[in-house]
Protein chains: 2
Amino acid sequence: MTERNAAPIAARPLRRDAAENRERLLDAAIQVFAEHGLDAGVDEVARVAGVGTGTLYRRFPTKQALIDELVGGMRRSILAVARRAALATDGSGIEDLLVGAGELQAAQSGCLRRLWNQSDAESDALNEFRSLIGVLLKSGQAAGRIRPDVTSTDVSMLLWSLRGVIESTVAAAPNAWRRHLELMIAGLRPVGPDGLSAVLSAKPMTVAQLRAATAAAPQS
Amino acid sequence: MTERNAAPIAARPLRRDAAENRERLLDAAIQVFAEHGLDAGVDEVARVAGVGTGTLYRRFPTKQALIDELVGGMRRSILAVARRAALATDGSGIEDLLVGAGELQAAQSGCLRRLWNQSDAESDALNEFRSLIGVLLKSGQAAGRIRPDVTSTDVSMLLWSLRGVIESTVAAAPNAWRRHLELMIAGLRPVGPDGLSAVLSAKPMTVAQLRAATAAAPQS
DNA sequence: GCTGATGCGGAACGCTCACTCCGCTTACGG
DNA sequence: CCGTAAGCGGAGTGAGCGTTCCGCATCAGC
């Protein structure tokens, strides 16, 4: 599902065994980080991959670089989901995006905290993602599926919140996040006849605040 | 706001300066953990408190014990909020609980991950809290403020989700969580006339799954 | 004030973990 | 098949952090 670029720029291609080990390391990292979180040691990743730590470090100069590689792949995947969601014509694209993002994150739950960290995001991809959210949101509102006072930052918060839920429940209940997401989407709907929740009294986050919040350095 | 029991059982009271240092340490811990997360070093806590690390360790046998003390206080506070919410007669108690829990967590955002960790929760308090959630939920549903297919585990998930949002946004946007909570509460309302989101297709978590998810060992 | 118990500080210890180094092995072009 | 560059493994290193220890300071009862 995740495209891996063999090397940033086409330098000399890796030797066959080396390329194979690289793939094994990435797979092992996904598994180990999902099981034990990012605090898992590099030795464990190397062990699961069936290589020595030296090999790991020749391929990825730091643990951070290894994580970045995984995160980069997820970012590309989620951006693809957003682009696909933008094809919907009935205003349901924003919901497709949320579900799709949930599925991707559930499949690779180890690096989610890094995933949404803006500080190291390539600006182009991030900007496109942001504008796609805006487009999808407007489309949903125009179709009457989403209440008009919802903002882009609300959607971002919702994604961030979903991340937290997935991160801590996939292991015990692989699909629990779907239920939670359904309830959150219900919260985005136009208000009912009783008028409860008709007015959102709290102001939405500013973009700057959102940036600051997601840029806050996560541990490890 | 948080009651601190001077010592588990009334052994000999602490010397005056020692008791003072104990308070200073707890205050410093709240501040430091809120700023840098639980990964912050004990030396930093001691430094902010203006004492040596030896003093910290004489009062709290491990870093974990210090954290537990903070968490215990929060648990008592939140239980009190739940009890107070149970006094509401119009079915809005569940919403009061959510808002109250949010406020408490926002005020002390360093140890939230531990806060909801069931594994080390005193069973009595936890059981009471659980049953209070059930009571509040039923009351809200009876009053027509909450859709009937919402379960206790849904509410627990919502609390868990709120935790994640607060943890990472209080610093940058102290009240952003209120907006998010409003939207989530809107999702709990009876469905509107258009019937969108009328049926929750995903099953709720079982209590066992919830237990497993929240018991999952958090890092550090 | 005197005295003993209680408390204090911070240097030192040891464990964990990211990262490095180097002698050995393996792929691959000619 | 051979030479060599590329790759490999895993013991070793150093830094960070939780925890301990012990000589000195401070409180409290008489």
Side-chain angles (χ1 to χ4, degrees), chain A residues 6-29 32-33 35-71 110-111 113-114 217-220, chain B residues 6-8 10-29 32-33 35-71 110-111 114 217-220:
Chain A
I9 306 294
R12 194 195 354 266
L14 290 173
R15 230 167 69 174
R16 184 161 35 79
D17 53 347
E20 199 173 303
N21 281 337
R22 192 187 135 92
E23 292 303 302
R24 271 218 281 271
L25 279 166
L26 287 169
D27 289 338
V32 169
F33 289 150
E35 257 171 67
H36 305 100
L38 288 178
D39 286 352
V42 288
D43 296 23
E44 177 71 5
V45 174
R47 198 183 57 74
V48 170
V51 303
T53 60
T55 301
L56 189 158
Y57 274 94
R58 191 160 325 91
R59 218 44 68 207
F60 305 96
T62 66
K63 180 182 183 180
Q64 194 48 234
L66 171 59
I67 294 171
D68 287 348
E69 188 65 35
L70 296 180
V71 166
C111 335
R113 175 153 290 158
R114 292 299 158 126
Q219 50 268 46
S220 150
Chain B
R12 193 190 2 262
L14 290 172
R15 231 168 68 176
R16 184 161 37 79
D17 54 346
E20 200 172 303
N21 280 338
R22 192 187 136 92
E23 292 303 302
R24 271 217 282 269
L25 280 166
L26 287 169
D27 289 337
V32 170
F33 290 149
E35 255 171 68
H36 304 100
L38 288 178
D39 287 352
V42 286
D43 297 22
E44 176 72 5
V45 174
R47 198 183 57 74
V48 170
V51 303
T53 60
T55 300
L56 189 158
Y57 274 92
R58 191 163 324 92
R59 218 45 68 207
F60 306 96
T62 65
K63 179 182 184 180
Q64 193 49 235
L66 170 60
I67 295 171
D68 287 347
E69 189 65 33
L70 296 179
V71 166
C111 334
R114 289 299 156 97
Q219 49 267 47
S220 152

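Note that the structure is predicted; figures quoted are calculated from it, not measured.
In this view, R58(B) satisfies the salt bridge (Lys or Arg N to Asp or Glu O under 4.0 Å) rule with no residue, not counting sequence neighbours. With sequence neighbours left out, the salt bridge (Lys or Arg N to Asp or Glu O under 4.0 Å) criterion links E35(B) to no other residue. Scored by the side-chain contact (heavy atoms from CB on, under 4.5 Å) test, R47(B) finds E44(B) as partners (sequence neighbours excluded). For A19(A), the side-chain contact (heavy atoms from CB on, under 4.5 Å) partners at least two apart in sequence or on another chain are L14(A). Applying the salt bridge (Lys or Arg N to Asp or Glu O under 4.0 Å) criterion to D43(B), with sequence neighbours excluded, gives no partner residue.
Comparing T62(B) and G52(A) against DNA chain D, the residue whose closest nucleotide sits nearer the 5' end is G52(A).
Atom CZ in R22(A) sits roughly 16 Å away from atom C1' in dA6(D) (whole-Å rounding). Following rounding to the nearest Å, R24(B) (CZ) and dC8(C) (C1') show an atom-to-atom distance of 12 Å. Following rounding to the nearest Å, L25(A) (CG) and dG7(D) (C1') show an atom-to-atom distance of 13 Å. Rounded to whole Å, atom C1' of dT20(C) lies 16 Å from atom CZ of R59(A). Residue L56(A) contributes atom CG, which lies 16 Å from atom P of dA11(D) at whole-angstrom precision. Look at CZ on F60(A): it is 12 Å from P on dC8(D), rounded to the nearest Å. One can place CG of L66(A) at 14 Å from C1' of dC19(C), the figure rounded to the nearest angstrom. Separating the CG atom of L38(A) from the P atom of dT16(C) is a distance of 21 Å, rounded to the nearest angstrom.
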Name the atoms and distances for all side-chain donor-acceptor pairs under 3.5 Å in residues 50-57 of chain B, with sequence neighbours left out.
none

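Between N21(B) and the phosphate of dG7(C), there is no side-chain N or O to OP1/OP2 separation shorter than 4.0 Å. Residue T55(A) has no polar side-chain atom (N or O) positioned under 4.0 Å from OP1 or OP2 of dG7(D). For dC19(C), the OP1/OP2 oxygens have a side-chain nitrogen or oxygen of Y57(A) closer than 4.0 Å.
To the nearest 0.5 Å, the span separating CG on L70(A) from CG on L66(A) amounts to 5.5 Å. The distance from atom CG of D68(B) to atom OG1 of T62(B), rounded to the nearest 0.5 Å, is 7.0 Å.
Taking only side-chain atoms of K63(B), from C-beta outward, the nucleotide of dC19(C), dG7(D), dT19(D) with the closest atom is dT19(D). The side chain of T53(A) approaches dC19(C) more closely than any other nucleotide in the set dC19(C), dC8(D), dT19(D).
Rounded to 10°, the angle separating the first-five-pair axis and the last-five-pair axis of the helix from dG1(C)-dC30(D) to dG30(C)-dC1(D) equals 20°.
Residue-level contact check: A40(A) touches the backbone only, with heavy atoms under 4.0 Å from sugar-phosphate atoms and none from bases.
Ionic pairing of E69(A) and R22(A) is present here: one or more N-O contacts between side-chain nitrogen and carboxylate oxygen are shorter than 4.0 angstrom. A salt bridge links R24(B) to E20(B): one of the charged nitrogens lies within less than 4.0 Å of a carboxylate oxygen. Salt bridge absent: E23(B) and R59(B) never bring a charged side-chain N and a carboxylate O closer than 4.0 Å.
Contacts of residues 41-49 of chain A with DNA chain D (heavy atom under 4.0 Å): none.
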Contact pattern, 5' to 3', of nucleotides 22-30 of chain D - B, S or - by protein heavy atom under 4.0 Å: ----BSS--
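Judged by distance alone, with hydrogens and angles left aside, the side-chain atoms of K63(B) form no donor-acceptor pair with the main-chain N or O of G41(B) at under 3.5 Å.
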